[in-house]
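Notes for the one structure printed next.
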Amino acid sequence: MSASIRVNGERRTTAAETLEALLRELGLDPGVKGLAIAHNGAVAPRGRWSQTALRPDDEVEIVRPARGG
Amino acid sequence: MSVTSMPTASGSGEDALHIAGEAFRSRLIAGSSLYPNQQVMLDAIAASGAELVTVSIRRMSLEGYEEGPLDLLGERYRLLPNTAGCETLRDALLTAELARESLETNWLKLELIGDRETLYPDVLQLVEATETLVKEGFVVLPYCNDDPVACLRLADAGAAAVMPLGSPIGSGMGLCNPYNIEIVCRQSPVPVILDAGIGTASDAARAMELGCAAVMLNTAIAKARDPVVMAGAMRDAVAAGRAARLAGRIPRLDHAEASSPRLGLIGS
């Protein structure tokens, strides 16, 4: 099964069924410090990434700390 | 003698900055952006003596993992996330929640920009966002105008400190309205942190002399010809300005007052 979703503003097709699977599909280690995810406009806590199901047209933002003033 | 070792007016030698019940030795908050390279950033922040260092929250590159501020600074400094660039309440609130999740801190430098040319804060949204975030358990430090009334409203809304701008972000124009900053400092029930516009060390000292509890700066260090030396200058300027504030400056006179005695002057 694959779904079209938006990740960090870009549309992409994914076979991942959960947020954690999506991270792995993107080549990101879910254990990396500082990672945070917004799923459809709300924070998805790290502890629930493996149970958070992805559906078509979901909006996912994957963020981390960056330089700033 | 370095000014950082100057005794304070209280004579205790301890003059901590208190925000939301937490104490900091340094009254300089440093940014982590715009440095020529990572090593200069690390050396400059170390030279500044800062304990709090600001970071932004941004989309992660999906091209591959690169070291970021958390890897470089997370062990040695307390990172203060901001909502830089946010223009809507919704974006600021979500960025705040993401920052809390990412950095496991409820402290937040709240920025809500109302105009892209001047990067001036949107005060109406700022007050509402502060109220909302305080209710959600955040320690909110809003970047705001040098407007005494706006600063009072933000304190009423539960801000743990207010961060009025000296002049527009990155402009290096220093304190455009020192009169307002002084009033804000006199009236504010919470610490005042001068944020934005510092150009050089004397601006930082001036802010502290006017009564600011701390100074936040980034560009003035990062874009200096020698950021590490400028960071040290800023550290000393903040300490000197604070010491002068505590010591109490002399009143201004509109005439001369000789410092040498008249008694014993020859020919008299």
Side-chain angles (χ1 to χ4, degrees), chain A, chain B residues 29-35 38 41 53-75 79-85 90-91 93-105 109 111 119 143 169-170 195-196 216-223:
Chain A
M1 187 212 98
S2 70
S4 172
I5 61 172
R6 276 170 80 89
V7 181
N8 287 2
E10 308 231 331
R11 192 155 278 283
R12 62 183 297 131
T13 304
T14 179
E17 295 185 353
T18 65
L19 287 176
E20 186 176 295
L22 175 67
L23 289 177
R24 293 195 191 284
E25 187 184 270
L26 293 166
L28 299 173
D29 175 0
V32 164
K33 266 174 67 178
L35 224 58
I37 300 180
H39 182 218
N40 296 331
V43 171
R46 181 181 282 265
R48 295 220 295 268
W49 291 347
S50 60
Q51 298 115 57
T52 305
L54 282 173
R55 300 188 202 298
D57 296 321
D58 274 1
E59 301 265 351
V60 179
E61 296 276 2
I62 305 168
V63 302
R64 64 185 296 218
R67 61 197 182 89
Chain B
I29 301 172
S32 60
S33 202
L34 303 173
Y35 293 89
Q38 282 182 358
M41 175 183 77
V53 178
T54 55
V55 295
S56 63
I57 299 296
R58 289 292 180 264
R59 284 173 172 168
M60 181 152 184
S61 165
L62 303 179
E63 305 299 311
Y65 190 81
E66 273 177 36
E67 273 193 326
L70 184 56
D71 309 292
L72 297 165
L73 301 166
E75 299 281 313
L79 300 185
L80 174 63
N82 67 30
T83 60
R90 181 177 163 276
D91 285 353
L93 297 180
L94 180 56
T95 302
E97 298 282 358
L98 285 167
R100 181 158 64 176
E101 172 78 5
S102 164
L103 288 164
E104 295 169 8
T105 175
K109 180 186 161 189
E111 291 186 39
L119 296 180
Y143 159 68
I169 294 174
D195 183 10
M216 150 87 222
L217 73 176
N218 188 342
T219 313
I221 292 176
K223 294 285 212 181

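Chain letters run A, B, ... following the sequence lines, proteins first and then strands; every chain starts at 1.
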Quiz item: Using a cut-off of under 4.5 Å for heavy-atom pairs, which of R59(B), M60(B), M41(B) has the most such pairs with chain A?
Solution: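 The answer is R59(B).
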Practice problem: I would like to know whether R100(B) and V43(A) meet side chain to side chain contact (heavy atoms under 4.5 Å, CB included); could you show each step before the answer? | Solution: CA-CA 10 Å; R100(B) 181 158 64 176; V43(A) 171; over 6 Å; no
Any sub-3.5 Å donor-acceptor pair from [X]'s side-chain atoms to [Y]'s backbone N or O?
X       : Y      : value
E101(B) : R46(A) : yes
E111(B) : N82(B) : no
T54(B)  : G68(A) : yes
S32(B)  : R67(A) : no

Toward chain A, the part of [X] with a non-hydrogen atom under 4.5 Å:
X       : value
L103(B) : side chain
D195(B) : neither
E63(B)  : neither
E104(B) : neither
M216(B) : side chain
L34(B)  : both

Quiz item: Heavy-atom distance under 4.5 Å between the side chains of D57(A) and R11(A), does that happen here?
Solution: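 Yes. Closest side-chain heavy atoms under 4.5 Å.
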Quiz item: Between A36(A) and W49(A), which heavy-atom pair has the shortest distance, and what is it?
Solution: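 Heavy atoms of A36(A) and W49(A) come nearest at CA-CZ2, 4.3 Å.
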Practice problem: Heavy atoms only, distances under 4.5 angstrom: which of A44(A), G34(A), A38(A) has the most pairs with chain B? Name it, please. | Solution: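 The residue among A44(A), G34(A), A38(A) with the greatest pair count is G34(A).
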Self-check item: Selection from V32(A), D29(A), I62(A) maximising heavy-atom pairs under 4.5 Å formed with chain B
Solution: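 Counting heavy-atom pairs under 4.5 Å, the top option is I62(A).
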